[in-house]
Enquirer: 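So that we are looking at the same thing, I have put the structure below in structure tokens.
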Amino acid sequence: MLRHPEYEGKPLGVQQKSIVVTSNYLAREYGIKKCMSVQEALRLCPELVLVNGEDLTSYRLYSTKVFEILQQFTPLVERLGFDDYFLEIKSVEKQLKSQNDSEFDMNNLHTDEELKESDSKIFGPSDEECPCDCHTRLMIGAKIAAGIRNRIYEELHLTCSAGIAHNKLLAKLAGSLNKPNQQTLVFPCSGPMLLSAIGSISKIPGVGQKTMELLLSNNIKTVDDVRKIPLENLELKIGVDLARRLKDNAEGIDETVVKPSGKKQSIGLEDGFKSVSLVAEVESRLGALLRRLTELAMEDGRIPIAMRITVRKHDMNKPTSGKRETRQCALPKHLLPSTKTGMYDHNKMLILAMKLFHRIVDVSKPFHLTLLGVAFTKFEERSYGRSSITSFLRKQVAVHSVLDISSEEGIAEVNLGSPMSINQDSNDSSDQSATNLMNTSASSLSCSPISKLSNVASSQNIEDDLQNEVEPLPKKTKLEVWLSGRRESPSNEMAGLRLSPSSPMQVSPSVDTAVFKTLPIERRDVTRSWPTTSKPKPNNILKYFIANK
DNA sequence: CGGGGATTAT
DNA sequence: ATAATCC
């Protein structure tokens with residue numbers, strides 16, 4: 001909608017191939033669902049406007065911007081896809097409370113104007129006494145959420161919904177209740193009721209199609225089904241781990257912690273299509289993907305260590321559910337981005353990608369693919385200073401690189417002449433220009449993957465060749481394993497105590513001071529009441545399920 | 001019949 | 001390293 005203000009007020013869908021992957025809420029009023037076919041969507045809403053969303057660049061950009069805003073409130077931000085986040089705000093709440101304690105009466109939280117403007121709801125009863133001060137603290141959490149949502153709207157003009165709760169499960173479920181552009185608070189005592197309200201177990205985060213099939217085969221469908229069956233019984237049917245987790249979840253219990261998301265662990269691109277049956281077209285498409293991928297890798301700034309390619313083979317039985325096969329190998333040092341130019345050698349990258357491809361697909365037999373993908377995994381920080389450890393490692397790479405090139409003469413020269421990559425990518429327009437580039441560079445290339453393959457095939461042993469050039473990844477040292485394992489569960493409390501360079505003197509430096517001040521506790525309007533409690537309601541259970549009635 | 005990602009198991 | 005599962 002931000003990209004196409006001209007469609008304001010119209011039902012709008014985002015199309016990828018023949019799928020409407022998502023839509024605005026106006027379109028949803030017509031019954032359009034996520035991942036519905038274009039056909040069906042247009043049948044429900046003939047005036048539906050569709051925009052192509054196969055290129056995720058702008059979504060990735062906005063996702064990063066949202067993430068950066070969230071990180072100004074707390075470093076404890078866990079990313080769930082492009083538009084979904086968990087924030088651990090215990091330390092923010094504590095600081096907010098202590099900072100305002102002397103001048104502030106917590107009872108006024110019930111009556112806050114900012115919360116009213118943020119379309120705050122409460123799921124379940126809010127008038128119960130709680131031995132702990134969880135009610136007060138969660139109300140502060142709701143204020144923080146309202147402040148965050150305001151910031152996101154002011155800076156990005158994005159609306160969003162939020163759920164506020166004492167654990168991730170309830171927060172996620174609550175966030176789904178009142179959409180769009182609203183937020184929902186659920187107190188711990190209302191957890192079981194919320195879980196009852198969702199009904200199907202498939203709504204529990206982490207329970208997808210496969211788990212649901214397993215449960216259904218045991219006649220378990222609803223949260224109440226899980227509650228009824230004894231734990232020992234359930235463990236035998238679906239395994240101890242899943243059984244225990246679902247038993248907890250059914251009561252609104254979830255002890256998993258917010259795991260701060262660091263840098264990406266992989267950067268990849270995929271393209272799906274009806275069918276590709278020619279090696280030349282595979283090469284063309286992988287080349288196009290690789291060129292875009294190296295751009296993304298340059299933006300990231302780190303050096304990729306390994307390459308993985310993904311293939312989905314056509315499956316006559318289930319057209320869409322064809323499983324993916326992947327092959328992965330270390331990037332030989334000689335095709336890391338050159339230390340001098342910082343550029344990738346696309347030709348050699350493509351040769352390596354085609355080698356991986358041939359490890360999946362036996363091209364001596366007919367094949368047809370419906371998806372190709374390529375990704376970089378495992379990254380190393382790029383060095384700057386001359387004395388840094390990574391700089392040292394890079395220099396070693398540079399030395400090896402010379403040696404490797406010399407051992408690579410088989411692909412350094414050889415022929416042109418091979419009749420490949422004469423395909424005209426008429427199918428989808430997305431990589432048209434990239435394809436043209438590909439053909440240009442291929443003709444100036446001294447070698448093609450196909451000619452290379454025939455070299456390999458004529459040598460005695462393909463396995464030998466792969467041994468030499470499709471290197472296994474270096475194993476982690478014991479120290480590295482230990483280091484990566486031990487940072488597994490420092491509590492978030494501890495993480496919140498890390499010193500921030502910008503405000504070293506602060507008591508709780510995890511909260512940015514400037515940002516913090518954008519979250520004023522309103523002390524006026526003391527007579528206002530919490531939205532859902534503004535009118536006294538009969539003690540009718542229906543009210544707990546109908547928002548703000 | 002999507003395009004990213006992540007985590008977990010083996 | 002690879003597959004399976006999930007969002």
Side-chain angles (χ1 to χ4, degrees), chain A residues 13-23 33-41 50 52-64 67 78-86 168-169 172 175-176 201-214 239 241-242 245 256 259-275 289 292-293 296 300 305-312 314-330 356 359-360 370-378 428 430-431 466 470-476 484 488:
Chain A
V14 176
Q15 180 175 5
Q16 288 173 333
K17 299 298 186 298
S18 60
I19 298 287
V20 177
V21 290
T22 191
S23 70
K33 306 287 186 191
K34 283 179 282 188
C35 291
M36 181 178 273
S37 78
V38 169
Q39 264 205 328
E40 194 177 356
L50 290 171
N52 188 287
E54 290 166 18
D55 184 343
L56 303 189
T57 302
S58 68
Y59 307 112
R60 197 182 288 117
L61 278 173
Y62 270 99
S63 179
T64 300
F67 187 67
E78 177 178 339
R79 216 171 176 249
L80 224 73
F82 272 16
D83 71 342
D84 220 354
Y85 301 88
F86 289 111
K168 293 207 289 181
L169 170 66
K172 173 93 173 140
S176 307
I201 305 172
S202 63
K203 301 255 182 77
I204 293 178
V207 177
Q209 182 186 320
K210 293 295 180 179
T211 307
M212 207 51 209
E213 285 170 13
L214 174 63
D241 288 355
L242 182 58
R245 181 166 65 88
T256 64
K259 186 180 177 186
S261 301
K263 299 201 175 178
K264 279 199 275 275
Q265 301 187 24
S266 70
I267 303 177
L269 294 169
E270 303 174 339
D271 192 11
F273 31 73
K274 291 288 186 196
S275 179
L289 289 171
R292 282 205 288 148
L293 182 61
L296 290 177
D300 180 274
I305 301 302
M307 175 193 290
R308 166 185 302 175
I309 76 138
T310 302
V311 160
R312 184 178 64 199
H314 193 81
D315 188 335
M316 274 105 72
N317 311 326
K318 307 196 94 185
T320 180
S321 79
K323 290 164 207 128
R324 291 147 130 88
E325 289 180 78
T326 67
R327 295 296 182 273
Q328 171 178 339
C329 73
L356 288 170
R359 264 166 65 183
I360 304 183
T370 60
L371 179 140
L372 282 168
V374 57
F376 289 145
T377 64
K378 314 193 184 190
D428 47 355
S430 61
D431 51 20
L466 290 178
V470 186
E471 304 170 8
L473 284 167
K475 298 225 188 317
K476 272 192 177 179
S484 65
E488 199 41 56

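Keep in mind that the numbers below use all heavy atoms, side chains included, and drop hydrogens, waters and symmetry copies. Chain letters run A, B, ... following the sequence lines, proteins first, then strands; residues in each count from 1.
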Enquirer: Output all residues satisfying side chain to side chain donor-acceptor pair (under 3.5 Å) with Arg245(A), sequence neighbours left out; order by chain, then residue number.
Expert: none
Enquirer: Would you indicate which nucleotide in dT2(C), dT5(C), dC1(B) comes nearest to any side-chain atom of Lys210(A)?
Expert: dT5(C)
Enquirer: What string of B, S and - do you get for nucleotides 5-10 of chain B 5' to 3' if you count protein non-hydrogen atoms under 4.0 Å?
Expert: SSS---
Enquirer: Where the side chain of Cys35(A) is defined as all heavy atoms beyond and including C-beta, which of dT2(C), dG2(B), dC6(C) is the nearest nucleotide?
Expert: dG2(B)
Enquirer: Expressed as a whole number of angstroms, how long is the span from Ile19(A):CD1 to dG4(B):C1'?
Expert: 15 Å
Enquirer: Asp55(A) CG to dG4(B) C1': how many Å, rounded?
Expert: 12 Å
Enquirer: Determine: side-chain N/O of Lys378(A) to OP1/OP2 of dA1(C), distance under 4.0 Å, yes or no.
Expert: yes
Enquirer: Hey, are the side chains of Thr377(A) and Gln265(A) touching, using non-hydrogen atoms and a 4.5 Å cut-off?
Expert: no
Enquirer: So, is Lys172(A) near the phosphate of dC7(C), with a side-chain N or O under 4.0 Å from OP1 or OP2?
Expert: no
Enquirer: Does OP1 or OP2 of dT5(C) have a side-chain N or O of Arg324(A) closer than 4.0 Å?
Expert: no
Enquirer: Sticking with atom P, work out how far dC7(C) lies from dC1(B), rounded to a whole angstrom.
Expert: 24 Å
Enquirer: Applying a 4.0 Å non-hydrogen cut-off, can you work out what Ser37(A) is touching in the nucleic acid: base, sugar-phosphate, or nothing?
Expert: nothing
Enquirer: Which residues satisfy the side chain to side chain donor-acceptor pair (under 3.5 Å) test with Asn52(A), sequence neighbours excluded?
Expert: Glu54(A)
Enquirer: Taking Thr370(A)'s backbone N and O only, do any of them form a donor-acceptor pair with Arg312(A)'s side chain (distance below 3.5 Å, no angle check)?
Expert: yes
Enquirer: Separation of Arg327(A) atom CZ from dT2(C) atom P, in whole Å?
Expert: 6 Å
Enquirer: Provide, to the nearest angstrom, the distance between the CG atom belonging to Asp83(A) and the P atom belonging to dG4(B).
Expert: 15 Å
Enquirer: So which nucleotide from dA3(C), dG2(B), dC6(C) ends up closest to the side chain of Glu325(A)?
Expert: dA3(C)
Enquirer: Output the rounded distance in Å from CD (Gln15(A)) to C1' (dG3(B)).
Expert: 14 Å
Enquirer: OP1 or OP2 of dC1(B) sitting under 4.0 Å from any side-chain N/O of Lys274(A)?
Expert: yes
Enquirer: Quick one: is dA3(C) close enough that its OP1 or OP2 comes under 4.0 Å of any side-chain N or O from Thr326(A)?
Expert: yes
Enquirer: Tell me whether the count of non-hydrogen atoms from other residues, nucleotides or ligands lying under 6.0 Å of CD in Glu213(A) goes above 12.
Expert: yes
Enquirer: Please report, rounded to the nearest Å, how far the C1' atom of dG3(B) is from the CG atom of Leu56(A).
Expert: 5 Å
Enquirer: From the list dA1(C), dG2(B), dA3(C), which nucleotide is the closest neighbour of the side chain of Val21(A)?
Expert: dG2(B)
Enquirer: Please check: side-chain N/O of Ser261(A) versus main-chain N/O of Glu78(A), any donor-acceptor pairing under 3.5 Å?
Expert: no
Enquirer: dC1(B) P sits how many Å from Leu371(A) CG, rounded?
Expert: 12 Å
Enquirer: Could you tell me if Tyr59(A) and Thr64(A) have a donor-acceptor pair between their side chains, going purely by distance under 3.5 Å?
Expert: no
Enquirer: Looking at every non-hydrogen atom in both residues, tell me the closest pair between Phe82(A) and Ser63(A) and how far apart they are.
Expert: O-OG, 2.9 Å
Enquirer: NZ of Lys323(A) versus C1' of dC6(C): gap in Å, rounded?
Expert: 17 Å
